[in-house]
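Encoded as structure tokens, the structure appears first; notes follow it.
The structure displayed is predicted, hence computed values, not measured ones.
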Amino acid sequence: MPEIASRNHIEAISRVTKKALEEANITFEDIDSITPTYGPGLVGALLVGLSYAKALSFAIDKPLIGVNHIQGHIAANYITYKELEPPFLCVMMSGGNTQLVYVKDYTKFEVLGKTRDDAIGEAFDKVARVVGLGYPGGPKIDKLAKEGNPNAIELPKTHFENLDFSFSGIKTAVINLHHKMPDINKADLCASFEKTVSEILIENTMKAIKQIDTKTVVLAGGVSANSYIRNEFMKLQDKGIKVYMPDMKLCTDNAAMIGSAGYYNFINGEKSDLNLNAVPNLKL
């Protein structure tokens, strides 16, 4: 509910900012720059944060540096792994995005493949809603799937010649199965769904690894918190591929990852002006 989200942002943002400063034991004088997210995302929520950031930047005379939300998810890994440096392949998986990103440098990216329909997180949420688990779907599917057999049900996979994804087909297949067979084992269905989407992710990841000739893979986004997906990607280390994934608390949306991305934009000399606007469909 975008309108309710925006109103809650307005009510909380000043209080949260004050508490963050208190917990960090710093003042505005200790800050080098203000780095808000300006997209992609819900336009109302983006406008609240961006408007507050622009006012704060003007009031305390600190530079404003806009951050792409997707860049923030990637940058979460720099907090967990101080030694991690580009270039590497990032598997970006969240509620709104599924992309394979070639991270050439801290602020230089090339999208190698993306979803043509549903993002993977969106597919998780829709499947969870249909089988009666509610929202948010990702954690609930993850929990129930541990009780099921991932090989119990064969689900379809959509393939393309390039590195794009499609999760609409598997989502629809799960929904149809549940409607036709209301007594189907939900744990088996969730486990089979997890297994199939993991295979889709890893198949495209392996193709991308060969394309850009890298041995480093980084996970990012809320769906990277899924335990089955994390375990399957960790198996790539047996093939000589280094796999990095952020701490669980840094997988889902958080301010620390935006601050991390803003830091690299800052040292790269980037700067936004007070005309910076929200871009709900901002591309990386």
Side-chain angles (χ1 to χ4, degrees), residues 39-41 68-70 73-74 89-103 109-131 133 135-142 145 148 150-181 184 188-212 217-226 228-233 235-236 245 251 280-284:
N68 185 305
H69 180 79
I70 300 172
H73 275 300
I74 297 170
L89 175 69
C90 178
V91 187
M92 173 65 203
M93 45 182 126
S94 69
N97 295 277
T98 307
Q99 300 178 348
L100 287 171
V101 181
Y102 180 22
V103 181
F109 313 94
E110 179 184 352
V111 177
L112 304 176
K114 61 184 183 299
T115 183
R116 296 191 180 185
D117 39 59
D118 294 348
I120 188 171
E122 184 181 356
F124 266 89
D125 287 337
K126 288 180 178 177
V127 167
R129 185 167 65 244
V130 166
V131 300
L133 297 180
Y135 181 88
K140 296 182 178 181
I141 287 180
D142 194 0
N151 299 307
I153 303 167
E154 186 173 346
L155 295 169
K157 291 188 284 188
T158 303
H159 297 281
F160 300 106
E161 290 187 6
N162 61 9
L163 296 173
D164 282 355
F165 298 95
S166 172
F167 296 102
S168 178
I170 183 175
K171 174 204 69 179
T172 302
V174 171
I175 293 171
N176 289 340
L177 274 172
H178 188 263
H179 286 164
K180 292 176 182 177
M181 304 169 62
I184 194 170
D188 286 349
L189 190 59
C190 288
S192 299
F193 171 74
E194 275 190 344
K195 175 178 180 287
T196 306
V197 296
S198 295
E199 289 174 349
I200 294 169
L201 289 169
I202 289 175
E203 286 167 10
N204 272 21
T205 297
M206 294 306 295
K207 289 194 290 185
I209 285 171
K210 293 179 181 178
Q211 181 174 313
I212 63 174
V217 172
V218 170
L219 306 190
V223 181
S224 65
N226 179 276
Y228 186 92
I229 291 175
R230 289 171 81 95
N231 289 335
E232 290 302 296
F233 268 94
K235 293 177 182 177
L236 296 182
M245 52 192 75
C251 290
N281 298 314
L282 182 67
K283 306 300 181 186
L284 189 59

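The heavy-atom pair separating Ala145 from Cys190 by the smallest distance is CB-C, 3.9 Å. When every heavy atom of Ile170 is checked against every heavy atom of Pro156, the shortest pair comes out as CB-O, 3.7 Å. Across all non-hydrogen atoms, the minimal contact from Gly148 to Ala191 is C-CB, 3.8 Å. Minimum heavy-atom separation, Ala119 to Ser94: CB-O, 3.7 Å.
Two residues are said to be in side-chain contact when any heavy atoms from C-beta on lie closer than 4.5 Å; Ile229 and Met93 meet this criterion. Taking 4.5 Å as the limit, some side-chain heavy atom of Thr196 sits within range of a side-chain heavy atom of Lys157. In this structure, Ile184 and Ile153 have side chains that are in contact, with non-hydrogen atoms separated by less than 4.5 Å. Taking 4.5 Å as the limit, some side-chain heavy atom of Ile209 sits within range of a side-chain heavy atom of Thr205. You'll find the side chain of Thr98 reaches within 4.5 Å of the side chain of Leu201, heavy atoms only. Looking at heavy atoms from C-beta onward, Tyr102 lies out of side-chain contact with Gln211 at the 4.5 angstrom threshold. Residues Val91 and Val218 fail the side-chain proximity criterion, which asks for heavy atoms closer than 4.5 Å.
The structure places CD of Glu122 at 8.0 Å from OG1 of Thr115, a figure rounded to the nearest 0.5 Å. Here the CD1 atom belonging to Ile202 is positioned 5.5 Å from the CD atom belonging to Glu232, to the nearest 0.5 angstrom. Note that CG of Leu284 is 12.0 Å distant from NZ of Lys114, once rounded to the nearest 0.5 Å. Considering CG of Leu163 and CG of Leu112, their distance stands at 6.0 Å, rounded to 0.5 Å. Rounded to the nearest 0.5 Å, atoms CG (Asp142) and CG (Asn226) are 4.0 Å apart. Here the NZ-OG1 distance, from Lys126 to Thr172, works out to 8.5 Å after rounding to the nearest 0.5 Å.
Remark: Met206 CE is packed, more than 12 non-hydrogen atoms of other residues, nucleotides or ligands lying under 6.0 Å away.
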Show your reasoning for whether side chain to side chain contact (heavy atoms under 4.5 Å, CB included) applies to Val174 and Val130. CA-CA 9 Å; Val174 171; Val130 166; 5.9 Å; no
Run the side chain to side chain contact (heavy atoms under 4.5 Å, CB included) check on Phe165 and Ile120 step by step: do they pass? CA-CA 9 Å; Phe165 298 95; Ile120 188 171; over 6 Å; no
Test Lys195 against Tyr228 for side chain to side chain contact (heavy atoms under 4.5 Å, CB included), laying out the working first. CA-CA 8 Å; Lys195 175 178 180 287; Tyr228 186 92; 3.5 Å; yes
Walk me through whether Ile141 and Glu194 qualify under side chain to side chain contact (heavy atoms under 4.5 Å, CB included). CA-CA 8 Å; Ile141 287 180; Glu194 275 190 344; 4.1 Å; yes
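With Lys171 as reference, Asp118 is the one residue of Asp125, Asp118, Asn176 to meet the side-chain hydrogen bond (donor to acceptor under 3.5 Å, both in side chains) rule.
Checked against a 6.0 Å centroid threshold, the rings of Phe124 and Phe167 do not count as neighbours.
Side-chain atoms of Lys140 come within 3.5 Å of backbone atoms of Leu133 as a donor-acceptor pair (strictly under, hydrogens ignored). Side chain of Ser224 to main chain of Cys251: no donor-acceptor pair is present (N/O by atom type, distance under 3.5 Å, no hydrogens or angles). When atom types are taken as modelled, the side chain of Asp164 and the backbone of Gly113 share no donor-acceptor pair closer than 3.5 angstrom. Here the side chain of Asn68 pairs a donor or acceptor atom with the backbone of Lys283 at under 3.5 angstrom.
Scanning for ring-ring contact (aromatic ring centres under 6.0 Å, His included) contacts around His178 gives an empty result, with sequence neighbours left out.
For Asp117 and Ser166, the side-chain atoms include at least one donor-acceptor pair closer than 3.5 Å.
Ionic pairing of Lys207 and Glu203 is not present here: no N-O contact between side-chain nitrogen and carboxylate oxygen is shorter than 4.0 angstrom.
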